[in-house]
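All chains are named by letter (A, B, ...) in the order of the sequence lines, taking the proteins before the strands, and each is independently numbered beginning at 1.
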Amino acid sequence: MMIQTQLEDLIRQALKKAQKKGDLPKFPLPPITVTRPRREGQGDYSTALPLQIVRDVNNALKANQAGSLSPLQIGDILIRRLPPVDFLERAELAKPGFINLYLSPVWLARQAGEIAKQGAAYFKLNLGKGKSVQVEFVSANPTGPLHFGGARNAAIGDALARLLEHSGYVVQREYYVNDRGTQMTTFAMTLWRRYQQLFGLDVSIPEDGYPGAYMINYAEKIKEAYGDSLLSLPDEEIPAKFRELGLKIVLEELKEDLAMMDVHFDEWFSEQSLYDDGTFAKVFAILRDQGDLYEKDGAVWFRASKYLKSDRDEVFVRSNGEPGYFASDMAYHYHKFIIRGFDWVIDVWAVDHQNQAKRLPGALQAFGIEPERLTIVLYDLVTLKRGGKEIKISKRSGEIITMREVLEEVGADAARYFLLSHSNEARIDFDIDLAVAQNSENPVYYIQYAHARASSILRKAAQAGFIPQNANLDLLTCPEEQALLRKMLQLPEVIANAVERLAPHHLPHYALDLAKTFTSFYGHCRVLSELPDQKDLTEARLMLVLAAKITLAYTLGLMGMSAPEKM
RNA sequence: GCCCCCGUAGCUCAGUGGCCAGAGCAGCGGCCUUCUAAGCCGACGGUCGCAGGUUCGAAUCCUGCCGGGGGUGCCA
């Protein structure tokens with residue numbers, strides 16, 4: 001359990017005890033929170049509980065005609081009732097009514113040993129208690145290479161999945177493949193024309209087709225595999241055949257691109273399969289039988305107004321007979337919750353889907369699915385910059401800046417770091433020059449360097465024959481050592497906060513903080529010493545270095561970044 | 001029109017009820033016979049978009065306004 005949570009329990013116990021013993025009157029317990037103060041001298045943790053309960057206390061006392069208490073008096077009472085524990089050194093009262101809590105330096109020092117012994121397990125939480133959660137992310141249309149914006153989706157989605165996995169959830173990563181509908185047909189027909197062109201036929205791509213040069217590459221792949229044998233295909237077979245071939249090529253490419261970022265999916269879920277396996281028909285029947293569907297203007301509408309605070313209904317089946325995106329989304333989420341039974345589903349979408357994000361969870365009530373079970377994480381777009389100037393993309397030529405291009409230029413670690421370091425709702429100006437810079441301007445290298453340094457020290461120590469197994473950790477008392485220990489202990493809190501808010505951007509900020517604290521320790525505290533009388537200290541510090549290395553690697557791992565042994 | 005997001009140090013951004021607002025970078029001043037100077041230490045730097053309100057306490061919550069972006073489709 002996190003130390004923060006343990007302290008909250010401690011304060012709660014003190015309050016209960018004070019009430020039981022009659023030091024304080026009885027009133028319902030408020031939520032008790034212990035936070036990390038910003039400033040030094042205010043404890044490792046503090047609580048403003050006396051200020052929060054002073055009114056309740058005095059109202060209760062007034063009812064008993066028993067005078068009144070000040071926040072400081074209440075704080076004093078609570079401190080006296082705090083049960084003694086090994087990790088808490090002392091509690092101090094501070095004006096106007098705070099209780100500042102100081103961790104025991106000896107206990108802190110010994111955590112280095114715990115981390116070294118337990119490894120990553122030290123930081124795992126059990127917030128999820130085995131709940132199953134699906135994280136669906138990226139899910140870009142399979143009609144071409146991934147745009148760079150998709151990289152942000154991948155970074156956020158994968159980091160969320162990792163955070164949840166390490167917090168006691170059973171996680172499934174899913175990519176939703178929009179393999180049906182008008183776009184797919186247009187894609188297939190563009191591909192067909194490009195294929196024909198490769199054999200010198202004078203044909204042009206469809207009016208609203210995909211003009212990008214990558215389509216020619218796809219056509220060439222088909223030519224390599226099939227030669228000219230497809231030219232004679234009957235007209236009615238062309239769309240389906242080229243859709244199938246094109247989809248296969250694109251999906252392979254998507255998998256490769258995402259693998260460059262070390263992003264892997266458990267399931268590539270086909271939209272078309274919802275229609276092939278009867279899920280859509282089932283959903284349609286359910287809604288129809290509930291009276292949630294009606295016809296108007298030749299289309300079938302879903303009575304969204306029945307479930308949402310909205311007077312606008314949704315088109316379910318278009319007048320051309322094709323189900324709309326809303327229908328697919330309903331069927332898809334029916335499949336997620338009812339057929340596959342996920343406890344919780346997180347969809348990672350770009351902000352331009354905000355309207356659907358607002359409506360879909362409520363609409364699922366039509367299937368008896370509580371809206372809270374679907375969380376849609378929205379993130380803002382990414383603009384690419386080079387030398388401070390925005391790189392414009394040309395829609396007309398169909399040339400986009402692909403995720404692969406940027407990853408090849410800046411590297412997956414830097415891309416992950418920058419894409420993750422902004423809150424989801426904030427727009428990102430991604431400066432390629434900065435991400436590529438291998439100098440002090442780039443925090444990515446600073447963080448990884450800290451890990452490489454820790455590794456280097458441990459390597460050298462091993463060569464020198466140090467085996468820090470029974471080190472006397474009580475020797476870790478200097479400010480830099482203690483600061484490093486405190487920072488490492490913060491990681492579970494960072495994870496818990498990131499999970500609670502589904503905000504992975506806290507990780508890169510913490511990582512930088514941790515690296516800074518480690519490097520400061522490195523600068524102040526010589527680890528490897530030749531002096532015989534320093535042997536104990538060296539061993540203790542080696543444990544600390546090992547613990548720091550584990551913590552750094554774990555943090556980098558949560559972000560999907562590598563932790564190099566050498567740089 | 002209505003709805004959502006953003007507006008914090010020169011720049012890029014954290015911080016969403018707690019005690020004198022933080023980091024990185026840039027700029028300024030120190031520090032390399034020492035485990036990687038891709039480094040360390042220090043000083044400087046802010047009317048938290050504006051105006052009201054709620055609260056013992058507001059960058060954080062509420063209302064209005066200003067500026068930027070997005071949404072509001074028988075596109076996804």
Side-chain angles (χ1 to χ4, degrees), chain A residues 33 35 37-39 41-42 46-49 51-52 54-55 71 94-98 100 139-141 176 178 181-183 271 296-301 310 312 314-329 349-359 378-381 383 385 388 418 421-431 434 437-450 452-461 464 480 501 503 505-506 508-510 512-513 516 519-530 538 541-542 545 566-567:
Chain A
T33 52
T35 57
R38 300 196 178 117
R39 199 161 289 279
Q42 294 174 352
S46 81
T47 179
L49 187 65
L51 290 163
Q52 285 154 0
V54 62
R55 184 174 298 165
K95 33 106 202 163
F98 294 97
N100 296 334
S139 300
N141 282 336
Y176 181 46
N178 293 104
T182 3
Q183 296 191 49
E271 180 185 4
K296 194 181 84 181
D297 304 331
V300 178
W301 294 70
S310 160
R312 223 190 78 229
E314 298 280 353
V315 168
F316 204 73
V317 181
R318 295 189 270 157
S319 51
N320 66 5
E322 284 292 317
Y325 66 88
F326 189 84
S328 272
D329 276 355
W349 293 357
V351 269
D352 54 341
H353 294 258
Q354 62 179 257
N355 195 53
Q356 177 75 340
K358 217 162 56 180
R359 296 168 70 83
L378 293 175
Y379 65 92
D380 214 314
L381 306 172
T383 51
K385 289 195 169 175
F418 282 106
S421 63
H422 297 57
S423 60
N424 297 335
E425 313 82 59
R427 224 173 322 163
I428 295 186
D429 288 330
F430 188 96
D431 192 323
L434 177 62
Q438 303 211 357
N439 60 29
S440 60
E441 283 183 52
N442 194 336
V444 176
Y445 291 92
Y446 182 85
I447 296 164
Q448 294 185 321
Y449 190 48
R453 269 184 165 155
S455 307
S456 171
I457 292 176
L458 292 168
R459 267 196 310 273
K460 283 203 155 59
E480 289 79 12
R501 298 171 194 274
H505 74 277
H506 290 108
H509 291 276
Y510 170 77
L512 185 58
D513 239 21
K516 190 177 166 58
T519 309
S520 178
F521 155 77
Y522 172 88
H524 285 92
C525 307
R526 173 87 200 172
V527 177
L528 300 174
S529 172
E530 307 295 329
T538 289
R541 284 180 170 167
L542 280 171
V545 171
K566 278 182 197 175
M567 284 174 78

**Report entry** Gap in Å between the two C1' atoms, one belonging to B/rA58 and one to B/rU63, rounded
**Finding:** 15 Å
**Report entry** Touch class at under 4.0 angstrom, heavy-atom based, for A/Asp513 against every strand present
**Finding:** nothing
Query raised in the report: So, A/Ser139 side chain and A/Tyr176 main chain: donor-acceptor pair closer than 3.5 Å or not?
Result: yes
Query raised in the report: Mind checking the C1' distance from B/rA9 to B/rC44? Whole angstroms is fine.
Result: 11 Å
Query raised in the report: Given the P atoms of B/rC19 and B/rG10, what is the spacing between them in whole Å?
Result: 23 Å
Requested in this report: Measure from the side-chain heavy atoms of A/Asp297 and tell me the nearest of B/rC74, B/rU12, B/rG70.
Outcome: B/rC74
**Report entry** Minimum-distance nucleotide to A/His505 side chain [options: B/rG15, B/rC19, B/rA76]
**Finding:** B/rG15
Requested in this report: Check every strand shown and say whether A/Asp380 touches a base, only sugar-phosphate, or nothing at a heavy-atom separation below 4.0 Å.
Outcome: nothing
Query - Residue A/Ile457, side-chain atoms from C-beta onward, closest of B/rG18, B/rC35, B/rG68 - result: B/rC35
Query raised in the report: To the side chain of A/Tyr445, which of B/rC40, B/rC75, B/rA38 is closest?
Result: B/rA38
Requested in this report: Examine the side chains of A/Gln42 and A/Asn100 and answer whether a donor and an acceptor come within less than 3.5 Å of each other.
Outcome: no
Report task. Determine: side-chain N/O of A/His353 to OP1/OP2 of B/rC75, distance under 4.0 Å, yes or no. Result -> no
Query raised in the report: The side chain of A/Phe98 lies closest to which of these nucleotides: B/rG18, B/rG24, B/rC41?
Result: B/rG18
